[in-house]
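Below, chain A is the first sequence line, B the second, and so on; all start at residue 1.
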Number of protein chains: 4
Amino acid sequence: MKTSRAAVLTQYEAPLELREFPLPQSIEPGAALVKVKLAGICGTDVHLWHGQLPIPLPVILGHETVGVIEELGDGLTHDWTGAPLAAGDRIGWSSSINCNECYYCRIKPQPTRCLKRKAYGISYDCSVAPHLLGGYADYIYLRPGTAIFKIPEELPTEAVVGAGCALVTSLHGAERIGLHMGDTVVIQGSGPVGLASLAVAKASGAATTIVLGGPSHRLKLAYRFGADVCIDVAETSVEERKAKVLELSGGFGADVVLECVGIPTAVTEGIELCRDGGRYLVLGHYGNAGTIALNPHIITRKQLTVAGSWGFEPRHTKAALDFLAWARIEFPFEYLVAEPFTLDRANEALQATASWTTAKSAIAP
Amino acid sequence: MKTSRAAVLTQYEAPLELREFPLPQSIEPGAALVKVKLAGICGTDVHLWHGQLPIPLPVILGHETVGVIEELGDGLTHDWTGAPLAAGDRIGWSSSINCNECYYCRIKPQPTRCLKRKAYGISYDCSVAPHLLGGYADYIYLRPGTAIFKIPEELPTEAVVGAGCALVTSLHGAERIGLHMGDTVVIQGSGPVGLASLAVAKASGAATTIVLGGPSHRLKLAYRFGADVCIDVAETSVEERKAKVLELSGGFGADVVLECVGIPTAVTEGIELCRDGGRYLVLGHYGNAGTIALNPHIITRKQLTVAGSWGFEPRHTKAALDFLAWARIEFPFEYLVAEPFTLDRANEALQATASWTTAKSAIAP
Amino acid sequence: MKTSRAAVLTQYEAPLELREFPLPQSIEPGAALVKVKLAGICGTDVHLWHGQLPIPLPVILGHETVGVIEELGDGLTHDWTGAPLAAGDRIGWSSSINCNECYYCRIKPQPTRCLKRKAYGISYDCSVAPHLLGGYADYIYLRPGTAIFKIPEELPTEAVVGAGCALVTSLHGAERIGLHMGDTVVIQGSGPVGLASLAVAKASGAATTIVLGGPSHRLKLAYRFGADVCIDVAETSVEERKAKVLELSGGFGADVVLECVGIPTAVTEGIELCRDGGRYLVLGHYGNAGTIALNPHIITRKQLTVAGSWGFEPRHTKAALDFLAWARIEFPFEYLVAEPFTLDRANEALQATASWTTAKSAIAP
Amino acid sequence: MKTSRAAVLTQYEAPLELREFPLPQSIEPGAALVKVKLAGICGTDVHLWHGQLPIPLPVILGHETVGVIEELGDGLTHDWTGAPLAAGDRIGWSSSINCNECYYCRIKPQPTRCLKRKAYGISYDCSVAPHLLGGYADYIYLRPGTAIFKIPEELPTEAVVGAGCALVTSLHGAERIGLHMGDTVVIQGSGPVGLASLAVAKASGAATTIVLGGPSHRLKLAYRFGADVCIDVAETSVEERKAKVLELSGGFGADVVLECVGIPTAVTEGIELCRDGGRYLVLGHYGNAGTIALNPHIITRKQLTVAGSWGFEPRHTKAALDFLAWARIEFPFEYLVAEPFTLDRANEALQATASWTTAKSAIAP
């Protein structure tokens, strides 16, 4: 019987354990067995490791993965866009599956808030068959209903993993808050979500982009992605940053501010950076990181629009792959990915992301 | 020389003083002298009296006024819509004048945030000629550039003052947050802004409207305006109200929540009443009433849209008068106005609004 | 073996034939067998009868049907909204089933343009089992994937059939073109789609509604639905109607014009009725009824927005049932339905709709 | 007394006449006398010369002009954005002045449809003082209320005239029809409006841009502006172009088609190039060039959105200058302008535009 290794989170803040699981004996109709090529480490994985979100344990982490089809279940003949699928194809997929039946899938509809949503690398107890439902492993099992996407040959695996769930998240967020040609856009954060949001803002016609982030190797990437001004938050005060943003926006503040940080005080700072009638996107608060003191008067008086955005839909994964295809020269997401770790060094990969020593670490099993 | 009496705020929290001012000897081109027929007391006037907003003193309060033209300056021949104007006409007007030249008037544009905006009854030191720039007076002087509206004969003065600045504020707010046919709408507050927002929500096709407010005489009006359910905040807990809203919305929360209260904790409560993907309008926070503890995670996770709205434009005044004309049977705003006080009892009028003993008090000089 | 009668269109413009079909011996998982209670005759059925749309023959017509569940297939335990389903329940359903997989279902998405869409009463050859896929019959068979809706007890069957596919079509159209509180709206046509569009416009806050239609019994219904002005097209010229619309809109034309006629010249007339910057919805052109001479200059010069809308999604069926539940007093759609014909008189029912002698005819098998 | 030469259209299709007019003896408050530096020849000037639009004669043509302030009237101290103005400043301006008072300026509002709009170089009889209200002259007189813009030093005059009224027209059109990141966009026409629309589409994130136009020197410019595919309309049939667009859009058609041609048959062709649910902008039909046969069924069935757009507002002129400032490297509008003609050769300049021998001709007096 064939098996697959996997790096398993068995206890919060403990090292991942390398375990072996049996490959499924048969692939159910509509499912697929996929050999992992490259698994990205997302900042969310660090939060999960710290126990900041309620998930089942033990779990195989990894929700930003590219692999090669090993075996296809009956009936799974085409990808989500209708392109034919075969063993050997290199693919990506949307990390969660919607039920398509609940109140939020059907009636309102807010499919990213599906009441039964489950995500690879996050929501599945790996002690239960088919076990292999996370990316930090030799193989991953894709359940029926997964939105699978064949990756075009000209697109490097590193670009897809480098964009990871950050780009799809940013595309969804941009849709919620609205980005218009000519906007002055502030991006709070220069991690993967910040860089992806910068790319989306630039591609949507932002006239001026200002990144507040760090450390310097990430700001260099931001400049490479075309940021007009980058400000290192470790070397500046809130007041200095506000002064600079005002200076760059005629004294009034930015048209749009995109929060891609996840630290509550960023919201306090960011709302102050919007001009009157401006828009503020709370995109980075996937975890519950505590409260801020907010004065509702500022929302009325500045007549702000503040929006949140959660996850993404399969159409955003499609849009992200399309975007990489036409805009990769301008926004080389592959530069985010450092030399990958092998699977037995998964802990080091996780630590590299936790400590911000790379823009993005990855595992090539 | 003719004079006009006026009720003047000379010191915060002190009684208004009845003073006499000379009528202007000549009316400048584009201006008008107007005999006050009915001046509404707005909740904002109470905040001004308490000193909660920075204004010049002494000031003649009153920014919700209907009057009759006494004399027109040269060149002022038509109202804002193009209807001819003559002495004797009954008119209303937008309470503030835009500069039409600044960054927010022209470039962005957010005209309600005009950098040079001045409002009758709020922004003018009455010790300076032409003195009479507030409604609690025998006469008011309308400066050139004021958006004046002739009131159609069939529209009672009480309806216009009863709608007051609440209806225009609500129309602007509805535009910002978006109201759609079939929405379940919660209105926080049953004062003039709450009732006006209820009317706007109903007229925009809200399928279910729930008002959280009080006291009971205001909730009776809310029922008269067609509210489906009214909940007295004095007799219920936050939890009870949330349970009721969930029950009335399939367990998920309202599509839209309109905050028309001005007390910061209403925002804490209201955000919890929105369904995922819902919308929240912060409409009542004209004054700085302090902060709340807000967790940005809730905005991301529930992917909310939160909007503020400040003041209104002349086109909202036009829309409000049109709305009263076609929807007054359904939403009888005149019922809000209690028997008016005479000008020498202006303090009593102000107290009646401060103590919520009437929905709206008014002065008939 | 049990059988069901059905009125079958075997040849264009020939009388419908009453045939008998076997009931299916077993109901497949997810499907349902339904006893027809009331089947509406839609104007489209007349077009189908004339052979104006390409469909397979023979076909059992009828796509606006209410029935009672006779038997449920395995797994079909809840309706589209999640309400439990059981034999004996009175239900309605969306008349077409989407594939959820094609370019228009997934990628763009325009689900009403699904590449594999099939509609009950239109797209199914009834010589092929399970035969019973149209409403003019004793029984109808609902295929797996049909969006089924339990009808609330307080909602009469006549109201649901009276609203028919007209209301869902109008709700979708209104979404496409946008209806705003305070709009002056012209509705071209007073058949079921015209009346439903009138109801939707009124409920969305139209300040003034003008119906151009006929004959008089339909205009009476339009007045009952709250139209401000109805103009009989048989008694007026194009010029007279234009003059009246201009008179009712300050000389400039309507904010929105909704075409619910299906005759090309209505479009020529309707575009002229829009004010500059106005919106025009081409809602009635389900069939190919020929061309008009259009000058593109008018679209540029008047900076119009012209939109089309095709069919509807299950969420519109849900919205329509909700709308009937809260707005039926104001818009009594049951008044549209005349005394139903028995199934053996299906031809008479069809002729009644063809000749406009009733607002809507129906069959109670 | 000082005078200015001007090239005057005295009779349709006759050569322009060089006449001399007195400079105004005094500049009224708010006005300005400007020395013309470069006056663009717009395609509309050719239409005017042919008598295809109703204008007064004699007229000094020229509505795309850059000049240097000679003298400022009292009170004209700042440009439209608030920047200080002085004699010697190089400026551009919006070619028409709104009344700010009419139904379309105030109430609806559609300011480009101002009922009293007048445009330099089009609407003014030059036999009446102050005569000099067109750009084909040594001097132009800017009336009070003109939206004037100081041109930043780094922006060449040729870029501003090269962008001309085409860029502002395209920015307004894009706003009306909506352009989204990732769209496949077809641009019909490769004249100034086509090239500007291409630039706006690219900057707004179009993933694929296809230009249908000619002749080849213009298509070369389109490639220089970043078009993915250009198709010469002189060398291809309607069917070939449709086949190519379908091939480049997965077989379904473009998300958006922008008509920048002004020939009615382009509309017939263009509507066929839209995918279902697509958008079509009629931007080029400033003149009445006749009708097409349109089948309204296509609008319903494909559920298209078709929009028109007329002229532009001062905020679009501001946006155009900003756009040139940040995107000029990518979209070098100065390449459109051929070596300018002197004023005495104005006829040759007009003929150069009429015969499409250059992308844009210009006059440097």
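Although no hydrogens or angles enter the test, the distance criterion places a donor-acceptor pair under 3.5 Å between the side chain of Tyr104(B) and the main chain of Asp276(A). For Thr300(A) (side chain) and Tyr286(B) (main-chain N/O), no donor-acceptor pair under 3.5 Å exists by modelled atom type. Under the 3.5 Å distance criterion, the side-chain polar atoms of Arg301(A) are left unmatched by any main-chain donor or acceptor of Arg113(B).
Comparing Gly287(A), Gly284(A), Ala293(A) by heavy-atom pairs within less than 4.5 Å of chain B, the highest count is held by Gly287(A). Your options are Pro109(B), Gly173(B), Gly311(B), Pro296(B), and the one with the most heavy-atom pairs under 4.5 Å with chain A is Pro296(B). For the set Arg279(B), Lys302(B), Arg275(B), Glu259(B), the entry with the most heavy-atom pairs within less than 4.5 Å of chain A is Arg275(B).
Both the backbone and the side chain of Ile292(A) come within contact range of chain B, judged by heavy atoms closer than 4.5 Å. Interface residue Val282(A): backbone and side-chain heavy atoms are both found under 4.5 Å from chain B. For Leu294(B), the parts lying under 4.5 angstrom from a heavy atom of chain A are both the backbone and the side chain. For a residue to count as touching a neighbouring chain, one of its non-hydrogen atoms must lie under 4.5 Å from one of that chain's; by this rule Leu115(A) touches chain B with the side chain only. For Leu283(A), the part lying near chain B is the backbone, with the side chain staying farther off; criterion is any non-hydrogen pair under 4.5 Å.
Annotation for Asn295(A) and Gly290(B): closest pair OD1-O, 3.3 Å, computed over non-hydrogen atoms. Among all heavy-atom pairs drawn from Ile299(A) and Ala307(B), the shortest one is CG2-C, 3.8 Å.
In this structure, His297(B) and Trp310(A) have perpendicular ring planes: the angle between them is above 60°, well past the 30° mark.
With rounding to the nearest 0.5 Å, the separation of CD in Gln110(B) from CD in Gln303(A) is 5.0 Å.
Put simply, the side chain of His285(A) does not reach to within 4.5 Å of the side chain of Ile298(B), judged on heavy atoms.
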